[in-house]
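What you see below is based on every heavy atom in this structure, not just the backbone, and it leaves out hydrogens, waters and symmetry mates.
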Amino acid sequence: YLPTASYYAIKDLDTNEFIVDFDSKYTKVSCDSTGNYFDLYMNGLQPERYYKILLQTTVSGSTLVKDEDYIFKVING
């Protein structure tokens with residue numbers, strides 16, 4: 001499980017811009033008995049583009065950003 005002060009961001013790999021930036025109110029990672037998760041509203045993302053998920057967490061007063069190449073593609077459906 002991630003620490004309670006954990007947040008996600010979504011980066012567009014074509015433009016290298018953050019579509020959803022880390023935010024302590026709106027991008028907090030949730031947790032239940034099976035692990036960590038977050039809900040993502042996909043309507044604002046462009047079809048046929050690749051995006052990357054980044055995770056930010058605070059451990060012992062240090063803020064860490066994890067880039068584990070969690071990449072997904074939005075497809076026309």
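- In terms of heavy-atom proximity, Asn36 sits nearest to Leu2 at OD1-N, 2.9 Å.
- Annotation: side chain of Tyr7 is in contact with side chain of Ser24 (closest heavy-atom distance under 4.5 Å).
- Proximity of a side-chain donor or acceptor of Tyr51 to a complementary backbone N or O of Tyr70 within less than 3.5 Å is not detected.
- The closest side-chain heavy-atom distance from Asn43 to Leu45 is not below 4.5 Å.
- Counting heavy atoms from C-beta on, the side chains of Val65 and Leu55 never come closer than 4.5 Å.
- Put simply, CZ on Phe18 and CD1 on Ile10 are 10.0 Å apart, with the number rounded to the nearest 0.5 Å.
- The two atoms that bring Met42 and Phe72 nearest to each other are CE-CE1, 3.9 Å, heavy atoms only.
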Q: Start with the C-alpha distance between Gln56 and Thr63, add both sets of side-chain angles, then the distance that settles side chain to side chain contact (heavy atoms under 4.5 Å, CB included), and finish with yes or no.
A: CA-CA 7 Å; Gln56 174 183 292; Thr63 301; 3.6 Å; yes

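- The CD1 atom of Ile71 sits 4.5 Å away from atom CG of Asp69, with the distance rounded to the nearest 0.5 Å.
- In this structure, Tyr8 has its ring center under 6.0 Å from that of Phe38.
- Under a 3.5 Å cut-off, the side chain of Asp39 and the backbone N or O of Tyr41 do not form any donor-acceptor pair.
- Taken together through direct or relayed side-chain contacts under 4.5 Å among Ile, Leu, Val, Met, Phe, Trp and Tyr, Tyr50 and Ile19 form parts of separate hydrophobic clusters.
- Expressed to the nearest 0.5 Å, how far CD1 of Ile53 lies from CD of Glu68 amounts to 12.0 Å.
- Residue Leu13 holds its CG atom at 9.5 Å from CZ of Arg49, rounded to the nearest 0.5 Å.
- Of the possible donor and acceptor atoms, none in the side chain of Lys52 sits under 3.5 Å from a partner among the backbone N and O of Asn16.
- The pair Glu17-Lys11 does not count as a salt bridge, with every side-chain nitrogen at least 4.0 angstrom from each carboxylate oxygen.
- With hydrogens and angles ignored, the 3.5 Å screen pairs no side-chain donor or acceptor of Thr27 with any backbone N or O of Ala9.
- Using a 4.5 Å heavy-atom threshold, the side chains of Thr58 and Pro3 count as separate.
- A donor-acceptor pair under 3.5 Å is formed between the side chain of Tyr1 and the backbone N or O of Ser33.
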Q: Determine, step by step, whether Glu48 and Lys73 satisfy the side chain to side chain contact (heavy atoms under 4.5 Å, CB included) criterion, reporting the C-alpha distance in whole Å, the side-chain angles of both residues, the deciding distance to 0.1 Å, and the verdict.
A: CA-CA 6 Å; Glu48 303 306 317; Lys73 181 181 181 182; 3.3 Å; yes

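- A heavy-atom distance below 4.5 Å is found between the side chains of Asp32 and Tyr37.
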